[in-house]
There are 2 protein chains.
Amino acid sequence: MSFTKGKLIYEGKAKKIFTVQENENLIVHEFKNSLTAFNGEKKGEMLGKSRVNQKISSLLYKYLQKNGVPTHFIETLSDTEILTYKLEMIALEVVVRNVAAGSLTKRLGVEEGQEISPPLVEFYLKDDALGDPFLSDAQAIMLKLGTEDDLEELKRKALMINQLLFEIFEDMGLRLVDFKLEFGRDKDKAIVLGDEISPDTCRLWDIVTGEKMDKDRFRLDLGSVEEGYKEVLNRIENVLEVDS
Amino acid sequence: MSFTKGKLIYEGKAKKIFTVQENENLIVHEFKNSLTAFNGEKKGEMLGKSRVNQKISSLLYKYLQKNGVPTHFIETLSDTEILTYKLEMIALEVVVRNVAAGSLTKRLGVEEGQEISPPLVEFYLKDDALGDPFLSDAQAIMLKLGTEDDLEELKRKALMINQLLFEIFEDMGLRLVDFKLEFGRDKDKAIVLGDEISPDTCRLWDIVTGEKMDKDRFRLDLGSVEEGYKEVLNRIENVLEVDS
């Protein structure tokens with residue numbers, strides 16, 4: 001069965017979405033080289049990021065699917081493109097935190113590096129104009145982003161994904177500090193993991209050296225952004241490609 | 001039984017707290033004339049505010065107590081001072097919203113004046129240095145501000161108070177848009193309403209004209225701040241002093 005990439009229907013900060021001419025339930029997700037931070041205020045470009053993030057994200061989504069987490073991922077089409085199910089996206093960023101970092105330390109004064117146990121699940125409204133504000137469950141319900149049951153399901157799924165990812169990153173010598181997920185509904189209205197998981201959307205610290213191996217290298221001008229991303233890919237390939 | 005006002009143990013933006021020499025479980029709460037907004041960035045003074053707010057708050061606390069809500073209020077000592085139980089305060093501002101206004105409209109883009117049904121209960125961390133950040137339940141639990149059960153009790157109490165206040169303000173021709181509560185624990189560890197309820201801590205709109213009758217007159221430079229507060233007191237006295 002062959003697929004023809006159709007027209008561009010969405011362009012975000014890190015991805016382009018295209019229709020699939022033969023099947024309206026499928027889309028092509030194309031990874032971009034652009035790097036953005038602080039709600040788009042800081043912009044950059046990393047040659048080869050699209051390829052690295054496609055490989056990382058695809059390996060992680062295959063691993064999650066093998067372990068019972070439904071995701072939108074179907075197959076890799078090229079170095080920078082994947083075929084996925086089309087989801088009706090829920091306008092929430094679901095953040096899971098195992099260790100205090102980033103906005104949590106700034107907003108709530110928690111010291112960076114402090115372990116968070118049990119892990120914290122947070123919801124942010126996906127709205128660039130409002131700066132993706134943090135939401136309580138009650139606010140998310142008020143904004144009709146989901147019912148109480150939907151939010152509980154998102155939390156359960158996020159925590160299950162966290163457990164699976166935390167273990168696999170630990171095997172790679174990486175501490176999964178926090179990460180962001182996006183979910184949507186498939187044609188049967190089931191909640192399914194969408195978007196991507198990559199050093200753009202995770203904080204990953206080397207367990208031995210404490211070195212940041214993720215987008216914070218770009219956010220904080222730490223240098224060697226590309227090397228950090230490639231090192232994460234190398235470690236994932238060593239652990240996950242041996243397994244599969 | 002007579003009480004001697006002891007030493008100043010706390011001074012906030014709108015109140016001073018003094019010990020009571022004869023009884024360590026009691027305190028004197030003195031209302032101040034100062035007006036502050038935007039986390040203390042805007043400052044003002046309103047001669048007579050302490051007297052007006054003391055009267056409003058005392059009448060409302062008596063009304064709440066008569067209707068089964070435990071509060072710290074014992075009795076009025078002077079125009080600007082009340083005797084209360086000493087509580088171990090919980091470092092949360094508990095906000096109840098019936099109508100969208102203020103930070104909710106700015107943060108989440110909800111239109112001012114939109115009815116919120118069911119009413120929304122929000123928690124904010126009382127921390128001036130951090131700007132009183134908004135908290136989810138999970139964050140409040142992480143910060144050890146209370147257990148899940150404590151937070152549910154705070155929400156239940158806040159909604160009960162909301163129902164009682166909403167009705168009484170409606171009788172006065174005022175729409176209770178939103179308000180802030182603070183709770184603490186008494187010597188038996190029971191959760192009790194503390195602090196004050198006044199036009200400093202509520203948004204009150206005239207039901208007929210829509211006019212703002214609260215601290216927004218100061219925040220937004222609408223003028224006639226004192227007249228607004230005094231009008232609220234007049235209406236409360238008409239409704240509550242007749243009842244009692």
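The analysis underlying the following values was restricted to heavy atoms, covering all of them including side chains, and did not include hydrogens, waters or symmetry mates. Letters A, B, ... mirror the listed sequences (proteins, then strands); counts begin at 1.
In this structure, B:Glu45 places its CD atom where more than 12 heavy-atom neighbours from other residues, nucleotides or ligands lie under 6.0 Å away. With a 6.0 Å radius and a threshold of 12 heavy atoms from other residues, nucleotides or ligands, B:Glu24 has its CD atom at or below the threshold. Open room surrounds OH on A:Tyr85; 12 or fewer heavy atoms of other groups in view lie less than 6.0 Å from it. In A:Lys86, the NZ atom is not crowded: 12 or fewer heavy atoms of neighbouring residues, nucleotides or ligands sit closer than 6.0 Å. Shown here is A:Lys187, whose NZ atom has no more than 12 heavy atoms of other residues, nucleotides or ligands within 6.0 Å. More than 12 heavy atoms of other residues, nucleotides or ligands shown are found within 6.0 angstrom of CD on B:Glu152.
With a threshold of 4.5 angstrom between heavy atoms, A:Leu120 approaches chain B through side-chain atoms but not through N, CA, C or O.
Of all residues spanning residues 130-141 of chain B, those with a heavy atom less than 4.5 Å away from chain A's heavy atoms are B:Leu130, B:Pro133, B:Phe134, B:Leu135, B:Ser136, B:Ala138, B:Gln139, arranged by number.
Comparing B:Leu108, B:Leu125, B:Val121 by heavy-atom pairs within less than 4.5 Å of chain A, the highest count is held by B:Leu108.
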For residues 204-216 of chain A, which side-chain donor-acceptor pairs fall under 3.5 Å, sequence neighbours excluded?
from     : atom 1 : to       : atom 2 : distance (Å)
A:Asp206 : OD1    : A:Val208 : N      : 2.9
A:Asp206 : OD1    : A:Thr209 : N      : 2.9
A:Asp206 : OD1    : A:Thr209 : OG1    : 3.3
A:Asp206 : OD2    : A:Arg235 : NH1    : 3.1
A:Asp206 : OD2    : A:Arg235 : NH2    : 2.7
A:Thr209 : OG1    : A:Glu211 : N      : 3.1
A:Glu211 : OE2    : A:Arg217 : NH1    : 3.4
A:Lys212 : NZ     : A:Glu112 : OE2    : 3.1
A:Asp214 : OD1    : A:Asp216 : N      : 2.7
A:Asp214 : OD2    : A:Leu204 : N      : 2.8
A:Lys215 : NZ     : A:Thr36  : O      : 2.7
A:Asp216 : OD1    : A:Arg219 : NH1    : 2.6
A:Asp216 : OD2    : A:Arg203 : NE     : 2.7

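Taking CZ of A:Arg97 as the reference point, atom CE of B:Met142 lies at 8.5 Å (rounded to 0.5 Å).
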